[in-house]
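I have placed the structure first, in the form of structure tokens, so that the comments after it can refer back to it.
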Amino acid sequence: MAQPIELQPQAITVQELAAINSRQVPERYIREGVGALDASFPVLDVPTIDLQLLASSSSTSGDKLDKLRSALSSYGCIQAINHGITSAFLDKLREVARQFFALPSEEKKKYSREIGSIEGYGNDMILSEDQILDWTDRLYLILRPEDKQTLKFWPENPESFRGILNDYSTKLHVILEVLLKAMARSLNLEENQFLQQYGDQATMQARFNFYPICPRPDQVLGVKPHADGSVITMLLQDKEVEGLQVLKDDQWFNVPIIPQALLINVGDQAEIMSNGIFKSPVHRVVTNSERERITVAVFCIPHPDQEIQPVEELINETHPRLYKKVKDYVSLYFQYYQQGRRPMEAALI
């Protein structure tokens, strides 16, 4: 598939649009059949997993690993608690995110992304004239490896932003290793099977998401339905405002907030590695007519040259190989994503 060419980026942010006109939404954001965030959507009972117990191999025999496997096979996501990051630190991260998005537009635009690139401050990459846009502004930053950080996109205001984000990436890397090892053990694999495929040149990318108040939550989405192109995604939810929904059994469910938890989901590349046992959940973000919402997502992604494929031990006559070997999955992912398609289509045998 040819590399897509971005048309001219939006000249105005969604935050600016919302401030200019609090009653109307431009046509380019309107979708049919969204439905508002209200009691009509059931709540998804996302399994809660104690990561401290997963980290201790003596505690993870039997029930703990079975619970993890069941959660990632049925829901594709978990609410991770006892992850080693204090509530006070998570609140600091939320606060610097809030402070950044509260800066004047001119200050934020110093960190604007460049055309054809996702890194930096901005919104949807526009690939076609009829593309329906998401009601969100984003700050997208590469965290790891450190030599891949592009510091011109890292805010200097608030002053503590860079230090807090670097600390956060270090803490998340520890969680990632614990989780990938436990996921392998839950499938009776040697514990480093997934870590080896993930590779030591993998990237960790943060996306700070700002969802302004939207006058038409029944017609506008904060993020269109998609599954993640990562191996693992870790989301710090807004402490008070819901908005994330997961598609399960052809129905949308609201994902509840546990303020001190990290919502962790498997991405497409973990589904490929597990030969379809772990499910990369389709999800979306709905908008809110009364309150803005801020979240921080971190995507854990193998190096583009790293080959990802189903683990051999998970392929047999009962469970034949479902996926091809893939490389640079994320490039494919962004092309499909803006078209509202799943890149997993291209990975299936």
Side-chain angles (χ1 to χ4, degrees), residues 37 41-55 60 63-85 90 172 175-187 194 198 204-207 209 221-239 241-286 293 295-301 333 337 342-344:
L37 179 62
F41 291 108
V43 174
L44 189 67
D45 187 19
V46 180
T48 300
I49 299 285
D50 186 324
L51 289 194
Q52 213 162 34
L53 294 179
L54 286 187
T60 54
D63 291 353
K64 307 294 184 299
L65 291 175
D66 287 347
K67 184 178 179 184
L68 178 68
R69 174 180 173 152
S70 172
L72 297 183
S73 303
S74 301
Y75 296 85
C77 57
I78 59 172
Q79 299 271 19
I81 59 169
N82 287 337
H83 41 60
I85 307 177
L90 294 178
L172 290 188
I175 292 171
L176 176 69
E177 287 206 3
V178 167
L179 190 63
L180 287 177
K181 286 180 178 181
M183 285 165 61
R185 290 202 306 271
S186 79
L187 300 180
F194 292 145
Y198 180 68
M204 193 176 268
Q205 303 175 5
R207 195 179 72 201
N209 305 298
L221 285 175
V223 178
K224 65 179 71 65
H226 67 287
D228 292 341
S230 57
V231 168
I232 294 290
T233 301
M234 306 191 217
L235 178 71
L236 179 63
Q237 294 225 65
D238 191 293
K239 208 169 178 179
V241 185
E242 290 184 356
L244 179 64
Q245 295 188 331
V246 166
L247 188 66
K248 191 175 190 304
D249 304 324
D250 297 320
Q251 183 174 11
W252 288 108
F253 287 81
N254 292 333
V255 175
I257 295 168
I258 300 178
Q260 74 278 15
L262 292 173
L263 184 82
I264 299 179
N265 67 271
V266 295
D268 288 356
Q269 296 194 64
E271 182 168 331
I272 292 169
M273 290 194 292
S274 70
N275 200 34
I277 295 173
F278 298 142
K279 299 293 189 292
S280 175
V282 173
H283 50 285
R284 68 179 188 177
V285 175
V286 293
R293 177 173 178 264
T295 65
V296 184
V298 173
F299 305 94
C300 304
I301 300 168
Y333 174 84
Y337 170 76
R342 282 204 70 180
M344 286 290 271

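Just so you know, these numbers use all the heavy atoms, side chains as well, and skip hydrogens, waters and symmetry mates.
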Subject >> Interatomic spacing from CD1 in I257 to CG in L244 - rounded to 0.5 Å >> reply: 9.5 Å
Original post:
Mind checking whether M344 and S280 have side chains closer than 4.5 Å, heavy atoms only?
Top reply: no
**OP:** Can you measure from CZ (R293) to NZ (K239) and round to the nearest 0.5 angstrom?
**Re:** 15.5 Å
**OP:** Please collect all side-chain hydrogen bond (donor to acceptor under 3.5 Å, both in side chains) contacts where either partner lies in residues 69-83, sequence neighbours excluded, each pair once.
**Re:** D50-N82
Subject >> Any residue meeting ring-ring contact (aromatic ring centres under 6.0 Å, His included) with H283, in chain and number order, not counting sequence neighbours >> reply: H226
Original post:
Got V296 and N209 here, is their nearest side-chain heavy-atom distance under 4.5 Å?
Top reply: no
Subject >> Heavy-atom side-chain proximity of V246 to V282 below 4.5 angstrom >> reply: no
Original post:
What distance separates C300 SG from Q269 CD, expressed to the nearest 0.5 Å?
Top reply: 11.0 Å
**OP:** Determine yes or no for a side-chain-to-main-chain donor-acceptor pair under 3.5 angstrom, with K181 supplying the side chain and L54 the backbone.
**Re:** no
Subject >> Residues which pass side-chain contact (heavy atoms from CB on, under 4.5 Å) with V43, listed by chain and number, not counting sequence neighbours >> reply: P256
**OP:** Locate the shortest heavy-atom distance separating V231 from Y198; write the atom from each residue and the value.
**Re:** CG2-CD1, 4.0 Å
Original post:
Could you go step by step and tell me if L221 and V286 meet the side-chain contact (heavy atoms from CB on, under 4.5 Å) rule?
Top reply: CA-CA 5 Å; L221 285 175; V286 293; 4.0 Å; yes
Original post:
How long is the span from the CH2 atom in W252 to the CZ atom in R284, to the nearest 0.5 Å?
Top reply: 5.0 Å
Original post:
Can you list the steps and then say if I264 with I49 is a side-chain contact (heavy atoms from CB on, under 4.5 Å)?
Top reply: CA-CA 10 Å; I264 299 179; I49 299 285; over 6 Å; no
Original post:
Please, which pairs that meet salt bridge (charged side-chain N to carboxylate O under 4.0 Å, His left out) have at least one residue in residues 257-272, sequence neighbours excluded?
Top reply: D268-R342
Original post:
Listed by chain and number, what are the salt bridge (charged side-chain N to carboxylate O under 4.0 Å, His left out) partners of D228, not counting sequence neighbours?
Top reply: none
**OP:** Could you give me the CA-CA distance, side-chain angles and deciding distance for F194 and L187, then say whether side-chain contact (heavy atoms from CB on, under 4.5 Å) is met?
**Re:** CA-CA 11 Å; F194 292 145; L187 300 180; 3.8 Å; yes
Subject >> Test item: L179 and I78 side chains (from C-beta on) under 4.5 Å apart, heavy atoms >> reply: yes
**OP:** Test I258 against V46 for side-chain contact (heavy atoms from CB on, under 4.5 Å), laying out the working first.
**Re:** CA-CA 10 Å; I258 300 178; V46 180; over 6 Å; no
